[in-house]
Q: 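Could you have a look at this structure, given as C-alpha cells, before my questions?
Lettering of chains follows the sequences in order, A, B, ..., and the numbering in each one begins at 1.
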Amino acid sequence: MDFLVKGVIEAVKALYDKEIKESDVNLQETRKEFKGEVTVVTFPFSRFAGKGPEQAGAEIGEYLQRQHAEISDFNVIKGFLNLSLSDKFLLETFNKSISQESFGIFERTNDKVMVEYSSPNTNKPLHLGHIRNNLLGFSVAEILDARGYDIIKANLVNDRGIHICKSMLAWQKFGNGETPESSGLKGDHLAGKYYVIFDKEYKKEIEHLIAAGQSEDDAKKNAPLMAEAREMLQKWEANDAEVIELWKRMNAWVYAGFDVTYKSLGVSFDKYYYESDTYLLGKDIIEEGLAKGVFFKKEDNSVWIDLTADGLDEKLVLRGDGTSVYITQDLGTAQLKQEDFGMNQSIYVVGNEQDYHFKVLFLILKKLGKSWAEGLYHLSYGMVDLPSGKMKSREGTVVDADDLISEMIATAKQRTEELGKVDGFTEEEKDRLYRMIGLGALKYFLLKVEPKKRLLFDPNESIDFQGHTGPFIQYTHARIRSVLSKAGSTDLSFNNITELTQTERELVMNLSKYPAVVDSAAREFSPALIAAFAYDCAKLYNKFYHEEPILKVEDLDVRNFRLALSEATANTIKKAMHLLGIEVPERM
RNA sequence: GCGCCCAUAGCUCAGCUGGAUAGAGCAACGGUUUUCUAAACCGUCGGUCUCAGGUUCGAAUCCUGAUGGGCGUACCA
C-alpha cells in the first residue's frame, strides 16, 4: 500500500501546497462497520488545509480517486477518509504477489544474528518455563531467518558449579549405583531426582543443627552435606580424576535426556557452548578494563565498575581472590562468541529475572568500547506461573516438560478419536498426527502471548483445541488441502474475474499483510505477531468457506479463482506456522 | 528503601508509531449439517481499559502521582 502514502503526500502538496513527511500520513485498516479497506486520518491536515477534516478528506479522496485507478470509491466520516480498493487491484495483487511461491520470502541480507536460548542447567530436567524459552528462541530464529538473516542458534549449557555437585554428591551417597538403564529413568530425570534428594537431606541436617542451638545462617553454612558439595566443587576445579569421571558420566545421562526433549519440541542448535569451557574466560577483559580505566580496584584487590552515573550501582566484576563471578564469564563469553562468528546482532533469550544483569553486561561492554555491543539484545520473557504460584524444581512443584508433552499428545489422540477423523490412517500416520496436534496446541498456547507478559498455566485446565488455538489453524489448513485434493485439477488458471465478494476481499487484504507481519515480528522479536496473523487467516478462511461454494461453482473462472485463493491461504498459513515451529497436517 | 516490568469482559489474551461505537477465544445462552471436514460458522450476553490528575482537536495507548501484583537490588547463577 506504499502508493497510498505517496499519493496522500502528493494530494496534500497539490491541494494545499504543503510538504508533509511519510510519517505524517496515518494509514490504518478501515473498521468493519464502514465501507472501504484503508483509512487515511485527516484530522492533522485540517490545520493547514484551512478547512475542517471532513472537507479536506473529501478533497483528498477525490484527488486520489482521480489519480489512482486502484481506488474505486471513498467515503468520509468525520476525520476519516475511507478508501475502497478496486477488485481489479486486489486481483492483481493476488496474482502478482500473494499466489506466488516467493510470497513472503525475503532476500538474504549479509547480516548474521546469533540467538542464544535454552541454556539449561545439567542438574535437573526441563520444565514448562524452559519450554517457553526454547519455543521463543527457536521461533525468533526462524523469523529472523525468514527475514533474510543468517542465524546461529546457540546453547550455552550450564554444566558446572555447586548445583551440579549437589546432584552428583547425592547420587554418590544415596544412589546405590543407579543408572538410567537400571532404573528406566530418563537421564535428566535421574539427575533431577538426586538434586531433590540433596535438598531434602540438606534440610534435615539444617534442622538438626538448629535444634542443637545453631542459628539458621550458621546451620546452612555448617551442614556437612553442603561442606561436602563445596569440597567436591573444589576437586572438580582441581581436575580431580574421580570427580571429573562422575561429572562426565552424569552429564552424559542428562544430555541424552535433553536430546529427547529437544527432539520432541523440534528445536535444534548450531553451536553449543559449555560453561565448563567458558567459566574462566573474562579475565583478559578485566585487565583491559583496568587498563582503560573503566574498572577500578579496591584495597582487597576486588575489581569493580561504577555505574552510578547511569542510574545503576557499583558492580563487582572480579573477586578479591581473582576468581570469577557470573558477569566475569559472561563478559568473556560474549567476546568469545563475537570472535567465533562476528555477528551483527546477538539475542539472549533469558527470563526477566535477569533484566538487571543484562542491562549491566551490555553497558559494561559499551563502556569498554566494543563496537559490537550495540547489537546485543536481551529478549526478556515473563515467568510461567501456576495458580499456586511459582514453580520450584527443588520442591518438585514444576510442570515437567516431558510429562506435559506426553499429556498434550494423549489429549490430541483422545479428541481426534472422539471426532472419528482418522479413518484410513495407518498407525504411523495417526501417531504423527497426534503429535502434530498436541504440540501445535502447546506451542501456539505459549507463543501467542507477548514474550514480556507473564503466563499463567493451570494444569487442571487442559489447553484448548478449539477457538483461538493451534489446532484450529491446523484444522483450517487440512480443510483447505481437502478441498484442493477433491478439485483434482492442478490447473487453477482463471480469467475474466472482475468482481470479488466482500469476504474474498477481506481474505486477500489479510493475506497481503504477511510480508509486513514477518518484518515487524523480526524487528520486535515477537512470534506473537505471527500467531495473531495466522489466526486471522484461518478465521477469515473459515468464514469464506462457509459463505461461498468453491467446487460447486459452475463458472470455471470463479471456481478456479476460489481454489487458487484457497491454495494461497493454505500456503501462507503453512509458512506462518512454520515460523512458530508448528507443523500443519494434510488431513485431520 | 531504591530500580525494572505488568494491570483491558467472569477466565485467557489482542489492540501497530495517540485516532471512529475498545476486539478475539473460553465460559453461558440460542441458531446452522440431504451441499466442498461442525476441531467450523452465525447470533445473544458480557468492559467506569486499576485509580487520580495532566498534555492533545482526540488517550487503553504519552507524562506525573497513587494502588495492586511480579522480579531484581549477592564477592549465587
Q: Identify, with sequence neighbours excluded, every residue that meets side-chain hydrogen bond (donor to acceptor under 3.5 Å, both in side chains) alongside A:E407.
A: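 Residues passing side-chain hydrogen bond (donor to acceptor under 3.5 Å, both in side chains) with A:E407: none at all.
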Q: Less than 4.0 angstrom between a side-chain N/O of A:R31 and OP1 or OP2 of B:G23, yes or no?
A: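 So the side-chain polar atoms of A:R31 do come within 4.0 Å of the phosphate oxygens OP1 or OP2 of B:G23, strictly under.
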Q: Within this structure, what is the NZ-to-C1' distance between A:K221 and B:C76, rounded to whole angstrom?
A: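 After rounding, the reported distance stands at 14 Å.
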Q: Which ones in residues 37-53 of chain A lie close to RNA chain B, meaning a heavy atom under 4.0 Å from one of its atoms?
A: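 A:T39, A:V41, A:F43, A:P44 - these, ordered by number, are the residues of the stretch whose heavy atoms sit under 4.0 Å from the strand.
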Q: Which dot-bracket string describes RNA chain B (Watson-Crick N1-N3 plus N6-O4 or O6-N4, or G-U N1-O2 and O6-N3, all under 3.5 Å; [ ] crossing; | other strand)?
A: (((((((..((((.....[...)))).(((((.......))))).....(((((..]....))))))))))))....
Q: In sequence, state the C-alpha distance, the side-chain angles, and the governing distance for A:F544 and A:Y541, and then conclude on ring-ring contact (aromatic ring centres under 6.0 Å, His included).
A: CA-CA 5 Å; A:F544 162 73; A:Y541 185 85; 5.4 Å; yes
Q: Can a side chain N or O of A:K78 be found less than 4.0 Å away from OP1 or OP2 on B:G58?
A: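 Checking B:G58 against A:K78, no side-chain N or O comes under 4.0 Å of OP1 or OP2.
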Q: Could you tell me which residues satisfy side-chain hydrogen bond (donor to acceptor under 3.5 Å, both in side chains) with A:K430, sequence neighbours excluded, listed by chain and number?
A: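 Listed in chain order: A:E427.
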Q: Pair up each side-chain donor or acceptor in residues 307-318 of chain A with any protein partner under 3.5 Å, not counting sequence neighbours, and list the distances.
A:
from: A:T308; atom 1: OG1; to: A:D306; atom 2: OD1; distance (Å): 2.6
from: A:T308; atom 1: OG1; to: A:D306; atom 2: OD2; distance (Å): 3.4
from: A:D310; atom 1: OD2; to: A:K367; atom 2: NZ; distance (Å): 3.1
from: A:D313; atom 1: OD2; to: A:Y356; atom 2: OH; distance (Å): 3.4
from: A:E314; atom 1: OE1; to: A:K298; atom 2: NZ; distance (Å): 3.3

Q: Stacking between A:Y475 and the base of B:A40 (centre distance under 5.5 Å, interplanar angle under 30°)?
A: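 One would not call A:Y475 stacked on the B:A40 base.
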Q: Could you state the atom-to-atom distance from CD of A:E586 to C1' of B:A39 in whole Å?
A: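 One finds 17 Å between C1' of B:A39 and CD of A:E586, rounded.
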Q: Among the nucleotides B:U37, B:C13, B:A39, which one has an atom lying closest to any side-chain atom of A:L455?
A: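 That would be B:C13.
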Q: So is A:R132 actually on top of A:Y381's ring, under 6.0 Å and inside 45° of the axis?
A: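 Pair A:R132/A:Y381 does not count as cation-pi.
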Q: Do any side-chain nitrogens or oxygens of A:K32 fall under 4.0 Å of OP1 or OP2 in B:A24?
A: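 Answer yes for this pair, as a side-chain N or O of A:K32 is under 4.0 Å from OP1 or OP2.
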Q: Which of residues 356-364 of chain A have a heavy atom under 4.0 Å from RNA chain B?
A: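 Those residues whose heavy atoms fall under 4.0 Å from RNA chain B, taken from residues 356-364 of chain A in numerical order, are A:Y356, A:K359.
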